[in-house]
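Note that the structure is predicted; figures quoted are calculated from it, not measured. To find a chain, count down the sequence lines: A is the first, B the second, and so on, and within it residues start at 1.
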Amino acid sequence: MSQIIKTLLLFLILAIALPLAFPEKFLHWLPPYGPDQNNLPQIAGAKLARFGLPYSPTNPIPPNTAANIDATPPIVTQETKILPEVAKTPDNVPLENKEAPQKPYRILIIGDSFIAVPGSFGQILEENLSGYDQATVIRKGKVSSGLSRPDYYDWIKESKKIAQETHPNIVIIMMGTNDAQGFYIEQNGKSSLAAFNTDLWKKEYLNRAARLIEVFNQINARVYWIGLPEMRQPGYNSKIKILSEIQMLACQDRSGAKFIPAADLVDNGRYQPFVADPQGVMRATRNADGIHLSYFGGTLLVNKIIALLKTELDLIPKMQNPQ
Amino acid sequence: MVFGTFDFLIFFAFFLFFYWSLRPWPAARNLFLAAGSFYYYYLIDPRFVLLIVASAIITYFAGTAKKHLAQNNIVKIIISAGILANLGILFWFKYYDFFRVSAQSLFASLGLPAILPYWEIIFPVGVSFFTFRMISYLADVYRNKYHPENSLIDFCAYALFFPCLLAGPIIRAGDFLPQLKKGASSYPQDIYQAAALLFLGLFKKIIISAWIAAAIADNAFSLPAQISAPNAWLAMFSYSLQIYCDFSGYSDIAIACAMFLGFKIAPNFDFPYHSRSIAEFWRRWHISFYSWMRDYVYIPLGGNRVGEFKNLVNILVVFSLSGLWHGAAGHFLAWGLWHGVGLSLQRVWSRLNFHHHSLSHRINSFCNWFLTLLFVSAGWILFRSDNLGQAKNFAISLFKMDAAIIDIKQIFIVVAILFFVIMEKKLLVSFVKAQGHIPGTIWPFLVAAAIAGIYYFAPDTVPPFIYFSF
C-alpha cells in the first residue's frame with residue numbers, strides 16, 4: 001500500500017471515528033479565537049458526533065466566542081432521553097430571612113471561563129479573598145459551561161456535589177457568557193425547542209438560576225451572583241443584558257441571594273475597554289475577545305466587589321488581625 | 001480548529017485527499033496549499049486573514065527588488081522597508097499598548113500630561129511567528145543566502161503554510177521553498193516517523209500538559225502566596241514539564257502534519273531536559289526561534305567575535321529581546337534576563353577553567369543536569385506568573401518553613417512524567433521501529449486505535465496551547 005493511501009486512510013479513520021467514538025469530547029478545546037459560523041469542518045464534525053450520542057451536544061461554545069453561538073440551534077434527536085429537568089421548583093419563592101454568614105468563611109466561587117481560566121477574574125477574586133482572615137476560598141470553574149447546556153455540564157447537579165464536598169457558607173456565582181442560545185426542554189412528555197429570549201426560554205432560564213441558588217441556600221450558604229460586564233459586540237451585549245436581568249430576577253426577593261451588577265461596577269453602564277489607573281494612565285480592561293476581563297479589569301472589579309462584600313461580611317486582612 | 005480538535009482532523013483529512021489528488025500538477029497543488037492555508041487561518045480568525053496575506057505580498061515584492069534592481073542602495077531601502085513593515089505589524093499589535101502604558105506611567109510620575117492615544121487593539125494569533133518568518137526571508141534575500149522567489153503562489157504557500165502558521169516552527173525559505181520547487185513533496189515523508197510524532201505530540205498535549213495544568217500548576221500559580229513550600233517545588237517542576245509537553249507537543253504535531261504533506265521540517269526541540277548546561281539547553285529548546293535570534297540578532301551584533309564584555313552584553317540583549325518577544329510584560333523581560341545572566345555567568349565560569357577533578361564523571365554529569373533543570377525550572381516561575389509580584393510570592397513560597405500536606409500520588413505522577421520526558425527519545429525510536437513490523441493494510445487502523453486511546457483518557461476540555469498567546 002502506498003504511503004499516500006496509508007496517510008489518507010489514517011486521517012479518514014481519525015476524522016470519522018473520533019467524533020463518533022468521543023462525541024462528548026467534540027471540540028472541547030479552547031481555540032484562540034474560536035470557530036466561525038461558516039466553519040465547514042466543524043459543521044461536518046457536529047453532524048458526525050450526532051450519531052455518537054442519543055443527545056448530541058453541538059459544538060461546545062468556547063467562552064471567548066460566545067458572540068457567535070446563538071445562531072446555531074442545538075442538535076437534538078427525537079429519541080432524546082437526557083433532557084434537563086424543567087420547572088420542578090416553583091418560580092422564585094422568597095426564602096426565609098437568613099442571617100449573615102458567620103466566621104470562619106468558606107467561600108466557594110463557581111462559574112464559566114470568567115472563573116475557570118488561569119489569570120481570570122475568578123483567579124484574581126480567589127487570590128484577593130484568600131488574603132482575609134478566616135476565609136477559605138475554593139474556586140470551581142468550568143469553561144464553556146452555563147445554565148443553557150446541562151448536557152455538557154449540569155451546574156445544578158454538580159453544585160449539589162460541590163456543596164457536599166466543600167460546605168461553603170458563601171457562594172459567588174458568575175456565569176452566562178455561553179447561555180445566549182436556545183435549548184430543548186421537556187414538557188408533558190414532549191421535547192420542544194425554547195428559542196432564546198422567548199417567554200418559555202426566559203421562564204426556564206429563571207428557574208434554572210433559581211434552582212442553582214436554592215442548592216446553596218438549602219445549606220444556609222449566602223449567594224452573591226455577579227452579573228456579566230458589558231460586551232464589545234452590541235448584538236451580543238444586548239443578549240448578555242437579558243441574561244443578567246434574569247439572573248438579577250432570580251436573586252430578587254431572596255434574602256439568601258444578592259445580585260451584584262458587574263456592568264455598573266466596571267463599565268458604568270456602557271462598554272469601557274479602557275479605564276484610568278490611580279496614576280491616570282488608561283489601561284485595557286478587556287482581553288482581545290472583548291468579553292473577558294484583563295488582569296487590570298479583573299482587579300478593578302474584584303476591588304469593587306470586595307468593597308461591597310465588606311458591607312455585609314466581617315472581612316479583615318490577615319496581616320491586620322492581631323490574632 | 002487547532003491541532004487535535006476533531007474539526008481540524010476533518011479539515012486535514014479533506015485537505016490531504018485533494019492535495020495528493022493534485023500530485024500530477026505541482027503548480028495546482030501549490031496553489032491549493034496556499035488557498036488551504038488561507039482558509040485555515042480564516043477559520044481561526046477571519047478578522048486578520050487579509051492582514052497576513054497583505055504582509056506576505058509586501059514581503060514577496062520587497063524581495064523581488066533584489067532581482068530587478070541593480071542599485072544596491074535602493075534594494076537596501078526597499079528590503080529595509082519590507083522588514084520595517086513586518087516589524088511595524090508586530091509592534092502595533094503586540095507592543096503598542098505596553099509601550100503606551102509604560103511611557104504614560106513615566107510621564108505621570110514626572111507630572112507630565114498623558115498624550116499618547118489609546119485604542120482597543122486585538123492581537124492576531126500567530127503574528128509573532130509569521131512576522132519572524134517574513135523577516136528571515138527578506139534578510140536572507142538581502143544577504144544572498146536565498147534567491148528571491150519568482151512565484152507569488154509558491155511564496156504564499158511558504159508564508160501561510162498552515163501546519164506552522166500559528167505557533168511555529170519558524171521555517172526558513174531556504175529550507176522550505178526548495179522542497180516545494182524540487183518536487184520533494186511527491187510523497188509523504190517517512191509516515192512512520194510522522195505517525196510517531198503525531199501520537200507523541202497529542203499524548204504530551206492532551207494527557208500530560210492538560211493533567212498538570214488542571215491538577216497542579218494552575219492551582220499553585222493562582223495562589224502563589226498561599227501554597228506551601230513542598231507544593232511550590234512540585235508546581236515549579238511540574239510547570240517545567242507542562243510547558244515542554246505543551247509546546248514540544250504542538251511542534252511535534254506541526255512537523256508530523258508537514259511530513260504527511262511531504263515536507264521535512266527541522267525539529268523544534270531536541271530533548272532539552274537532557275541538557276547539562278544552560279547553553280546546551282538553548283541549543284535544544286525552541287530551536288527555530290533561537291537559531292533565528294542567533295542569525296538575525298546575535299551575529300549581526302558581533303556574536304562571539306567581539307570582546308568579552310561586548311559579548312556578554314550581546315547575550316543579555318538577545319535574551320532580553322527573546323523575553324519580550326513572548327509578551328510585552330515585565331515578567332517576560334525578567335525571564336529573558338534570568339537566562340541571559342545565567343548564560344553569561346556560565347560563560348565566565350567556564351573560562352575560569354575550573355573542573356571538579358574530585359568528582360567522578362557520572363556524578364559531575366548528574367550535578368550539571370540537575371542544576372540546569374533547577375535553573376531552567378526556576379526561570380519558568382517568571383514565565384508562568386501573571387506579573388512580577390506573583391512571581392515574587394511564588395519564590396517566597398519555595399522557602400517557607402511550614403508543615404505542609406502534599407499529595408504523594410501527584411509526586412509519583414510527576415516523577416513518572418519526568419521519566420517519560422527523559423526516555424522520550426528512545427520511545428520515539430521504538431515507535432518508529434515497531435511500525436515497520438506492522439502490515440501496511442493494518443497500519444492505519446492500529447495507529448488510529450492508538451490515537452483513539454489518547455482521546456479515551458483525555459479530559460473533556462483541553463486548555464489552549466500555551467504558545468498561542470505569543
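Under the 4.5 Å side-chain criterion, counting only non-hydrogen atoms from C-beta, B:W20 is not in contact with A:Q3. You'll find the side chain of A:F22 reaches within 4.5 Å of the side chain of B:F6, heavy atoms only. For the pair B:D97/A:F274, a side-chain contact is recorded, criterion being any heavy-atom separation below 4.5 Å from C-beta on.
Proximity to chain A is absent for every atom of B:F98, based on heavy atoms less than 4.5 angstrom apart. B:N219 does not touch chain A: none of its heavy atoms, backbone or side chain, sits under 4.5 Å away. For B:F17, the parts sitting under 4.5 Å from any heavy atom of chain A are the backbone and the side chain alike. With a threshold of 4.5 angstrom between heavy atoms, B:L446 does not approach chain A through any atom at all.
Between A:M282 and B:R100 the shortest heavy-atom distance is O-NH2, 2.6 Å. Between B:I10 and A:P19, the closest heavy-atom pair is CD1-CG, 4.5 Å.
Heavy-atom pairs under 4.5 Å with chain A were tallied for B:D218, B:V101, B:I191; the largest tally goes to B:I191. Note: A:R283 leads A:R139, A:K142, A:R283, A:R286 in heavy-atom pairs under 4.5 Å with chain B. For the set A:I16, A:L18, A:L12, A:V137, the count of heavy-atom pairs under 4.5 angstrom toward chain B peaks at A:L18. Each of B:A448, B:A449, B:A213 has some count of heavy-atom pairs under 4.5 Å with chain A, and the biggest count is that of B:A448. In terms of non-hydrogen atom pairs under 4.5 Å with chain A, the most contact-rich of B:F14, B:W443, B:F221, B:F11 is B:W443. Between chain B and the options A:L8, A:I13, A:I4, the largest number of non-hydrogen pairs under 4.5 Å is found for A:I4.
The OG1 atom of B:T441 sits 9.5 Å away from the CG atom of A:L9 when rounded to the nearest 0.5 Å. Distance check, rounded to the nearest 0.5 Å: OG1 of A:T7 to CG of B:L16 gives 7.0 Å. Taken to the nearest 0.5 Å, the NZ atom of A:K6 stands 9.0 Å off from the CD atom of B:Q435.
Residues that satisfy the side chain to side chain contact (heavy atoms under 4.5 Å, CB included) test with A:Q279, not counting sequence neighbours, are A:D277, A:V281, B:S105, B:A108, B:S109.
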Worked check of side-chain contact (heavy atoms from CB on, under 4.5 Å) between A:L14 and B:F12: CA-CA 10 Å; A:L14 288 175; B:F12 198 55; over 6 Å; no
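Residues in residues 115-129 of chain B take part in these side-chain hydrogen bond (donor to acceptor under 3.5 Å, both in side chains) pairs, two or more places apart or across chains: A:R232-B:E120, A:Y271-B:E120, B:K94-B:S128.
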